[in-house]
Amino acid sequence: QLQLVESGGGWVHPGGSLRLSCAASGFTLDYYAIGWFRQAPGKEREWVSCISGSDDRRDYEDSVKGRFTISRDNAKNTVYLQMNSLKPEDTAVYYCAGYYSGTYAASMDINEYDYWGQGTQVTVSS
């Protein structure tokens, strides 16, 4: 089974940066789509970004475009989410998730993902 562990969360002032890591074990990420999701208090879990397992195609939710960057290091079997220019509305628990996608592009549909990390808290405030 694919296992995912997030790290890198914390507290920052508005405008600050954090880099989240999603380390995978059990399988390599070559054919797994990886997504980042977040859930703020009182809100549903929402899609933030995703990366394809085979061709590195990347997609972003509109509110994070230009600020967040998703990347993958196959040698380390790890996916990263670099978050810059953070805003208070980015405050949430961030989760990485995966599913076997073969050669197809990653999905933004939360229902496609069946492997989940434990989450890491990101807090942006003054």
ask   = So if you build clusters from Ile, Leu, Val, Met, Phe, Trp, Tyr with side-chain heavy-atom gaps below 4.5 Å, do L81 and L4 land together?
value = yes

query = Looking at residues at least two apart in the chain, or sitting in another chain, which of them share a side-chain hydrogen bond (donor to acceptor under 3.5 Å, both in side chains) with S52?
reply = D55

message = Starting from Y60, can I reach L18 by hopping between I/L/V/M/F/W/Y residues whose side chains sit under 4.5 Å apart?
response = yes

task = Kindly work out whether a path of hydrophobic side-chain contacts (I/L/V/M/F/W/Y, heavy atoms less than 4.5 Å apart) joins M83 to V124.
result = yes

request  = Could you tell me whether R38 sits above the aromatic face of W47, with NZ or CZ closer than 6.0 angstrom to the six-membered ring centre and within 45 degrees of the axis?
outcome  = no

query = If you group Ile, Leu, Val, Met, Phe, Trp and Tyr by side-chain heavy-atom gaps below 4.5 Å, do Y113 and V64 land in one group?
reply = no

task = Answer with yes or no whether the hydrophobic clustering places I70 together with F68; edges join I, L, V, M, F, W, Y residues whose side-chain heavy atoms lie under 4.5 Å apart.
result = yes

ask   = Is the backbone of I34 close enough, under 3.5 Å, to the side chain of Y115 for a donor and an acceptor to pair up by distance?
value = no

query = Is there a side-chain contact between T120 and L20 (heavy atoms, below 4.5 Å)?
reply = yes

task = Decide if the gap between the ring center of F37 and the ring center of Y95 is smaller than 6.0 angstrom.
result = no

Would you mind writing out the side-chain donor-acceptor pairs for residues 5-15 within the sub-3.5 Å range, not counting sequence neighbours?
from: E6; atom 1: OE1; to: Q118; atom 2: N; distance (Å): 2.7
from: E6; atom 1: OE1; to: G119; atom 2: N; distance (Å): 2.9
from: E6; atom 1: OE2; to: C96; atom 2: N; distance (Å): 2.7
from: E6; atom 1: OE2; to: G119; atom 2: N; distance (Å): 3.3
from: W11; atom 1: NE1; to: S125; atom 2: OG; distance (Å): 2.7
from: H13; atom 1: ND1; to: S125; atom 2: O; distance (Å): 3.4

query = Taking only residues two or more places apart in sequence or in another chain, which ones pass side-chain hydrogen bond (donor to acceptor under 3.5 Å, both in side chains) with Y32?
reply = none

